[in-house]
Amino acid sequence: MGLLRKIWDFYYTGFKSMTVGKKLWAIIIIKVIIIFCVLKLFFFKADFKGKSPQERSNIVIERLTGEENTH
């Protein structure tokens, strides 16, 4: 448990003393959240329910390339 505490303290004090870094990390986190929300809305709709992983990958490939996969 002591090692986890040391790791936590290391990162906590590092982020606490940041100035510009805090704003940059906030921007990065916001961008990642927006990207995943967009991906979820446009690529991972309810039509994936009951599909095998291979069928899911084919659907994503078709949507990204605009071509129908014949596998």
Side-chain angles (χ1 to χ4, degrees):
M1 209 50 180
L3 179 63
L4 291 176
R5 179 69 180 175
K6 288 179 184 178
I7 293 171
W8 169 259
D9 286 340
F10 174 76
Y11 283 104
Y12 180 76
T13 56
F15 281 109
K16 189 176 179 181
S17 64
M18 281 185 176
T19 55
V20 176
K22 285 181 185 178
K23 292 177 186 174
L24 293 175
W25 274 109
I27 291 170
I28 290 169
I29 290 170
I30 290 169
K31 282 184 172 184
V32 168
I33 290 170
I34 290 171
I35 288 170
F36 281 114
C37 288
V38 168
L39 286 175
K40 175 123 176 84
L41 286 174
F42 292 109
F43 294 110
F44 304 110
K45 294 185 180 178
D47 58 351
F48 279 168
K49 290 182 181 177
K51 305 271 186 188
S52 70
Q54 182 63 38
E55 291 171 325
R56 291 178 184 183
S57 67
N58 288 339
I59 292 170
V60 172
I61 290 170
E62 288 172 14
R63 289 184 182 171
L64 289 175
T65 62
E67 301 172 0
E68 187 166 332
N69 194 351
T70 59
H71 291 24

>> Show the nearest heavy-atom pair for residues Asp9 and Thr13, with the distance to one decimal.
In response: O-OG1, 2.8 Å
> Of the non-hydrogen atoms in Phe15 and Lys22, which two are nearest, and what is the gap between them?
Replying inline: O-CE, 3.0 Å
> Side-chain donor-acceptor pair under 3.5 Å between Asn58 and Glu62, yes or no?
Replying inline: no
> Who else is in Leu24's hydrophobic cluster (ILVMFWY, side-chain heavy atoms under 4.5 Å, direct or via others)?
Replying inline: Val20
> Do Leu3 and Tyr12 belong to the same hydrophobic cluster, where Ile, Leu, Val, Met, Phe, Trp and Tyr are linked whenever their side-chain heavy atoms lie under 4.5 Å apart, directly or via other members?
Replying inline: no
>> Between Met18 and Trp8, is there shared hydrophobic-cluster membership here, with clusters defined by ILVMFWY side-chain heavy atoms closer than 4.5 Å?
In response: no
> Quick one: which of Ile35, Ile34, Ile33 gives a side-chain contact (heavy atoms from CB on, under 4.5 Å) with Cys37?
Replying inline: Ile33
